[in-house]
Amino acid sequence: MTGRPGDGRRPAPAARALAAPRPRVYPGAPLQVDVLLDGLTHPGRGLHTGQLHWRLHGPFDAERFTRAWQTVTDQEAVLRTALAPAASGPGLPGFAVHPAAGPLIVRHRAGGAPWEALLAAERMREFDLTRPDPLRIALLEESDGSTRVLLTYHRAFLDPASAEHLVRSFHRAHAADGRPRGGERRPDLRDHLQWIGSRDQAPARAYWADAAPPAGSATLPAGDRGRPTHQRGHGRTRQRLTPAEAARLRAWAAARGAAESTALQAVWALLLYRAHGGPGTHMLPVAFAAAVSGRGIPLDGADRLPGPLLGALPVAVEVRPGATLSALLADLTGRAVDLAAYEWVSAGQVHRWSGRDPYEPLTESALTFLPPREPRQPAAPAVPFPEAAGAGRGAAGASDAGPVEAWEASTGTPLALIARHDADGGLLLTLVHDRTRIADGDADEILWQTTRLLRVLPAEAGPGTTVAEALRVLDGMPVPLAAPRPDPAPRTLRAAAAPGSGLVCLLRPPGAPEDCYDGLARGGRGTRALLSVAPGVAAALTALAPALAAGVPVVLGGYPEVEGLAHEVARRVAAHGWSRPPVAVAATGRDLAGALTAAGRKRIQPDSSGS
């Protein structure tokens with residue numbers, strides 16, 4: 001294995017980037033903050049890492065391959081972007097576009113790690129987001145002389161549509177032997193961040209304060225398991241509608257004034273109702289997240305802009321067993337129109353504007369309906385995209401390229417359903433599940449029931465078919481089960497006196513009683529919120545999440561037994577783009593109050609309580 005094609009060293013542009021003056025820092029978009037926060041609060045799980053891969057047949061020219069990616073890197077600002085010191089507020093992440101960077105390419109020789117092992121290893125390998133390397137490229141030589149190409153990207157910088165756009169740009173550059181054509185693409189990520197920063201949030205805040213899912217909504221299409229799954233990591237399962245079934249679904253939805261993506265949402269709403277409604281339930285609010293492309297915003301060129309634009313916003317709808325499916329589809333269609341006006345809003349913003357408990361999720365599943373990939377040109381060699389046709393054997397030193405395949409990124413959401421038409425016109429459904437919440441068998445059952453409804457309803461449901469009648473399709477099938485959320489909620493010892501006052505997060509030593517810090521709250525009046533948190537990195541990061549998302553300064557503290565944990569939590573916070581929070585420890589409550597005051601002065605205006 002070599003670090004780069006050729007000599008294994010980073011090309012000269014990256015070295016120039018390190019020596020260049022510090023670039024301008026842009027405040028992160030709310031969606032980027034959400035992604036970073038989700039990765040922070042679910043450490044070590046390889047979240048928000050997407051992949052594209054394809055196979056090259058024939059001779060491989062490493063120098064030409066590298067030149068082509070260097071051309072793309074020079075033209076696309078997002079490939080030269082990295083986390084930077086806080087740009088706004090008391091520690092919100094910032095992003096900087098460096099003037100130069102080099103593609104990060106690693107070549108694996110034949111006989112090394114198997115392909116599936118390389119895919120998994122690249123997914124789990126953490127990105128150093130402080131370096132302008134949001135896209136990694138791995139090459140694997142095969143024994144038959146072909147070369148596999150694997151792109152691994154971070155969702156804080158790129159979404160699936162952006163990654164596919166970059167592949168098309170690469171093939172154009174490869175066909176031109178890496179010779180630059182034109183300068184930097186505009187608009188780019190900087191223009192998008194500036195556009196986001198200029199939005200008037202008042203109308204969106206007012207809308208979502210009313211439209212956010214109400215408390216008590218059904219959020220998982222599964223009942224309560226009541227015990228852990230004893231499984232770890234993420235799993236995925238797939239089902240497929242044939243081209244004929246997909247066409248029938250599309251026609252059925254269109255006859256009711258809806259898109260096939262809306263039909264998928266309606267089926268998901270039925271499953272949410274079935275899992276939580278029960279006999280005699282006349283109405284049940286259900287909630288899930290629906291993906292929005294982020295490219296329908298009024299920014300010229302946004303549809304071609306590589307960046308982290310794909311988001312997901314909450315959808316709340318009331319399901320009534322006596323209402324017709326046509327009425328449910330109409331309701332969801334209207335909500336899709338509303339969402340289109342707020343593609344630039346993030347789910348984290350909606351949560352804060354809703355006034356709901358910050359530790360209670362608004363949704364626990366997400367639906368994404370990706371647009372079909374552009375078809376190949378009939379006369380072209382087997383290439384991923386039509387623009388790449390010049391990269392076939394007609395270009396000296398090039399190889400024939402097979403079709404691109406994707407691996408969808410995992411997130412902290414327990415369930416994510418991704419739908420996309422395949423090359424034959426069928427509809428491929430992929431369900432990605434958090435195995436700590438949804439066991440593999442239950443995930444299989446959820447997707448099977450989803451697919452059955454999508455197959456049967458277009459064939460059998462008429463204009464007057466009700467929700468209750470539609471659900472009879474699943475009679476005799478089990479209700480899938482979900483485990484409870486594993487992280488205990490933090491214990492609020494004192495609420496903040498006003499928004500932005502600051503947060504003191506007290507980490508409980510292992511074995512200590514829950515009330516070990518109660519005296520600090522009783523011993524004085526102050527403006528900062530006080531939280532007592534169960535032992536563990538995950539619990540501490542979960543407790544900090546709402547304050548970090550809002551840009552509120554935080555302090556970590558506790559008795560000496562938690563010092564190592566506190567510093568590890570502070571390190572992780574800083575690695576994800578926030579300012580490193582100060583840490584204060586002391587042997588007694590009185591001394592701890594003084595230590596917290598001293599630490600707080602570094603970040604928070606002193607309050608009167610000493611805590």
Side-chain angles (χ1 to χ4, degrees), residues 36-37 39-44 86 90-91 357-359 485-498 500-611:
L36 293 170
L37 198 61
L40 171 65
T41 53
H42 297 86
D357 182 347
Y359 300 106
R485 290 192 293 273
D487 296 331
R491 199 159 168 263
T492 302
L493 305 181
R494 183 178 68 210
S501 300
L503 169 70
V504 175
C505 186
L506 300 168
L507 312 178
R508 292 201 299 270
E514 288 191 359
D515 62 355
C516 65
Y517 293 120
D518 285 11
L520 286 173
R522 293 192 300 265
R525 298 167 55 192
T527 60
R528 307 169 201 160
L530 287 180
L531 293 182
S532 175
V533 182
V537 172
L541 293 172
T542 299
L544 292 175
L548 294 174
V552 173
V554 300
V555 175
L556 298 170
Y559 294 128
E561 299 94 324
V562 303
E563 183 171 8
L565 170 63
H567 282 291
E568 173 61 15
V569 171
R571 182 193 69 79
R572 290 176 184 254
V573 169
H576 283 75
W578 280 267
S579 298
R580 185 183 180 105
V583 173
V585 296
T588 68
R590 182 183 297 273
D591 292 341
L592 181 56
L596 291 171
T597 298
R601 288 197 180 105
K602 302 176 184 177
R603 298 282 309 284
I604 309 174
Q605 290 297 321
D607 66 9
S608 59
S609 71
S611 61

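Worth knowing before you read on, the calculation uses all heavy atoms, side chains too, and leaves out hydrogens, waters and symmetry mates.
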ask   = For the side chain of Tyr359 and the backbone of Ala543, is there at least one donor-acceptor N/O pair under 3.5 Å apart?
value =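 Yes: the side chain of Tyr359 pairs with the backbone of Ala543.
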ask   = Would you say the side-chain atoms of Arg572 pair up with the backbone N or O of Leu40, donor to acceptor, closer than 3.5 Å?
value =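 No, the answer is negative, given that no donor and acceptor are paired below the 3.5 Å cut-off.
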Quick one: side chains of residues 546-566, donor-acceptor pairs under 3.5 Å with protein atoms, not counting sequence neighbours, listed by atom name and distance.
none

Could you check whether any side-chain heavy atom of [X] comes within less than 4.5 Å of a side-chain heavy atom of [Y], counting everything from C-beta outward?
X: Arg508; Y: Cys516; value: yes
X: Leu531; Y: Leu503; value: yes
X: Tyr517; Y: Val504; value: no

For [X] versus [Y], what's the shortest heavy-atom pair and its separation?
X: Val573; Y: Ser579; value: CG1-O, 3.9 Å
X: Arg528; Y: Ser501; value: CG-O, 3.8 Å
X: Thr41; Y: Ala545; value: CG2-CB, 3.8 Å
X: Leu506; Y: Leu520; value: CD1-CD1, 3.7 Å
X: Arg571; Y: Arg580; value: CA-NH1, 3.5 Å

key: Salt bridge Arg491-Asp518, side-chain N to carboxylate O under 4.0 Å   =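 Asp518 and Arg491: salt-bridged.
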request  = Please list, chain by chain and in numerical order, all residues satisfying side chain to side chain donor-acceptor pair (under 3.5 Å) with Asp591, sequence neighbours excluded.
outcome  =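 By the side chain to side chain donor-acceptor pair (under 3.5 Å) rule, Asp591 matches Thr588.
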message = Could you work out, with side chain to side chain donor-acceptor pair (under 3.5 Å) as the rule, every residue matching His576, not counting sequence neighbours?
response =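 Here no residue qualifies.
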